[in-house]
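Here, residue 1 is the first one in the sequence, and each next residue gets the next number. Atoms within a ligand are numbered from 1 in the order they appear, just like the ligands themselves.
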Amino acid sequence: MKKIRAVIFCILFAHTTFGQQKPNVVFIYVDDLGYGDLSCYGASKIKTPNLDMLAKSGIQFSNAHSTSATCTPSRYALLTGRYPWRQNGTEILPGDAKLIIPTDKTTLPKVFQRAGYKTGIVGKWHLGLGNEVEKNWNEEIKPGPNEVGFDYSFIFPATADRVPSVFLENHNVIGLDSSDPVAVNYSTKIGNEPTGKENPELLKLKSSPNHGHDNTIVNGIGRIGYMSGGKVARWTDEEMPLTFLTKAKEFINQNKKSPFFLFYALTEPHVPRMPSTMFKGKSGLGLRGDAILQLDWAVGEILAQLKTAGIEKNTIIIFSSDNGPVLDDGYMDEAVTKLNGHTPSGPLRGGKYSAFEAGTRVPFILSWPGKVSPSVSDALISQIDLVASFSKLLNQNIPAGDAIDSENRIDVLLGKTKQGRNILVEQGGALAVVRNEWKYISPSKGPAILELKGIETGSSTTAQLYNLKEDIGEKSNLAEKYPEKVKEMTLLLEKIKQGNNK
Ligand code: NG6
Ligand code: CA
């Protein structure tokens with residue numbers, strides 16, 4: 001009898017929490033989009049109607065963060081629930097790197113798998129593939145996304161500006177031709193194809209001086225790293241949005257009857273910005289602005305697809321970015337010259353690569369039609385919290401020692417409370433820790449300004465202390481005024497580094 005009662009309770013509980021079925025989750029992750037890049041976040045020189053609509057129908061967060069100001073560490077943290085600086089080798093990876101996510105630990109997609117979901121990733125990966133740097137790209141490559149929790153994967157290995165410029169579906173490069181094998185090298189030139197350095201006249205998008213991006217030319221664009229072979233396999237940048245969108249839509253359609261988790265990782269507006277014809281010139285802000293219009297369009301297409309599949313009411317959509325904005329990140333694409341007064345960082349200081357707020361404070365929108373009421377939330381929240389939060393929502397236990405930095409904040413995510421984290425570590429060149437309104441940036445040796453990119457890194461050999469409540473632009477360093485606070489925050493950061501934060 002007791003058992004029957006428990007079963008009935010479980011059914012009722014599941015019913016009230018989820019309605020008919022567990023909700024699908026689509027996580028849309030864009031690349032290098034800044035806090036001020038969307039019109040719903042205050043941009044006036046660019047209009048992003050689809051994201052504005054998503055924000056209006058859901059919760060728009062004003063204090064949400066990636067863990068880091070670059071891609072690989074942010075993605076590592078999002079998937080593992082561990083701060084990336086706890087593990088060596090989590091910095092920006094080359095395109096031939098080996099997998100850095102452990103295959104035997106809890107990951108975000110594994111949480112969904114354990115709860116009976118079908119899981120898929122479509123888009124940018126940048127977390128390494130296989131067990132070796134020197135690998136044969138013409139054979140099965142594993143471990144990779146499929147071994148860390150994704151039932152289905154359609155990815156490119158690293159960044160759009162790094163070779164190999166090919167897609168992989170599950171374990172294989174798409175479009176392989178045994179008579180033209182793919183080879184990759186990050187230290188010496190291979191094959192006899194032109195490079196951006198030797199033949200700059202062949203480039204349709206010029207590389208910025210002194211940034212690199214002048215190795216093998218693929219589709220008229222100089223890349224980081226050398227590749228040879230795979231002529232048929234190579235991507236066309238202008239087609240990439242449609243390629244990823246089509247795969248994402250297929251995944252949604254194929255899994256519409258079972259709950260699914262889709263990680264849709266767009267490359268926009270990361271360099272090289274080479275949007276498809278229908279967006280070129282449309283923003284008036286150069287190719288970076290056009291790429292933002294393109295990603296907004298892709299979001300609209302996903303919303304439409306969910307509607308067509310009849311599952312829009314039972315799908316949680318989360319939209320965010322892996323790090324803050326940069327204008328010149330290696331190509332002369334008019335991002336700087338046609339900025340036209342647009343402010344990618346909004347009111348924040350810094351940008352991509354920076355320990356100042358613009359490095360990690362990013363757009364973050366969650367919508368769940370009918371379940372989550374529209375609102376804005378200033379709760380402090382991190383992408384690292386998704387592992388613990390979805391574990392809670394789906395009643396999954398996290399084995400001891402896994403996802404140690406992830407906090408269950410599902411009530412914040414679903415708008416039931418605005419009481420978010422009290423403490424968060426942010427990673428630029430330096431580590432910073434935030435507690436309530438205080439932010440402390442630890443002393444570090446890196447350059448204060450990345451001259452080529454025009455970004456303030458937040459690095460300084462002396463301590464910095466800011467009051468984010470009064471000074472969101474981090475203009476006034478209060479370290480000398482409040483030495484006790486500096487001491488307290490220094491100790492706090494040390495404690496978290498030692499793993500004593502729980
Ligand atoms: C940098 C690249 C930059 C970009 C970045 C990765 C140079 C000079 N710059 O090293 O162009 O690719 O790495 O961006 O090589 S991220 O968003 O994937 O972290
Ligand atoms: Ca990025």
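Between the side chains of T48 and D52, at least one donor N or O lies within less than 3.5 Å of an accepting N or O. Residues N146 and S153 have side chains that bring a donor and an acceptor to within less than 3.5 angstrom of each other. With 3.5 Å as the limit, one finds no donor-acceptor pair spanning the side chains of N408 and D385. N172 and E139 are not linked by any side-chain donor-acceptor pair at a separation below 3.5 angstrom, with hydrogens and angles left out of the test.
Listed by atom number, the atoms of ligand 1 under 4.0 Å from H126 heavy atoms are 18 (O). Proximity to D31 (heavy-atom distance under 4.0 Å) selects the following atoms of ligand 1: 17 (O). Within ligand 1, counting atoms from 1 as listed, the ones closer than 4.0 Å to a heavy atom of T70 are 19 (O). Those atoms of ligand 1 with a heavy atom of D329 less than 4.0 angstrom away are 3 (C), 4 (C), 11 (O). Using a 4.0 Å cut-off to heavy atoms of N323, the atoms of ligand 1 that qualify are 17 (O). Taking every non-hydrogen atom of D32 and a distance limit under 4.0 Å, the qualifying atoms of ligand 1 come out as 17 (O). Using a 4.0 Å cut-off to heavy atoms of I224, the atoms of ligand 1 that qualify are 15 (O). Using a 4.0 Å cut-off to heavy atoms of D161, the atoms of ligand 1 that qualify are 3 (C), 4 (C), 11 (O), 12 (O).
Atom OD1 is the N/O/S atom of D31 found closest to the Ca ion (ligand 2). Atom OD1 is the N, O or S atom of D32 at the shortest distance from the Ca ion (ligand 2).
Looking from atom 8 (C) of ligand 1 to the surrounding protein, the closest heavy atom is H211 O, 2.8 Å. Scanning the protein for heavy atoms near atom 5 (C) of ligand 1, the closest one is Y353 OH, 3.5 Å. For atom 14 (O) of ligand 1, the nearest non-hydrogen atom of the protein is K352 NZ, 2.7 Å. Of all protein heavy atoms, the one lying nearest to atom 10 (O) of ligand 1 is R162 NH2, 3.4 Å.
Not a single N, O or S atom of S321, from either the backbone or the side chain, sits less than 3.0 Å from the Ca ion (ligand 2).
In this structure, C71 is part of the shell of residues with a heavy atom less than 4.0 angstrom from ligand 1.
Counting all heavy atoms, side chain and backbone alike, V148 lies closest to P102 at CG1-O, 4.0 Å.
In terms of polar-atom proximity, defined here as any N/O pair under 3.5 Å, T72 makes no such contact with ligand 1. At a 3.5 angstrom cut-off on N or O pairs, T159 does not count as close to ligand 1.
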Going through the checks in order, is the side chain to side chain donor-acceptor pair (under 3.5 Å) test met by H65 and T360? CA-CA 5 Å; H65 292 254; T360 63; 2.9 Å; yes
Apply ring-ring contact (aromatic ring centres under 6.0 Å, His included) to residues F390 and F112 and explain how you reach the verdict. CA-CA 8 Å; F390 279 104; F112 286 100; 5.2 Å; yes
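When non-hydrogen atoms are compared, ligand 1 lies under 4.0 Å from the side chain of K124 (C-beta onward) but not from its backbone.
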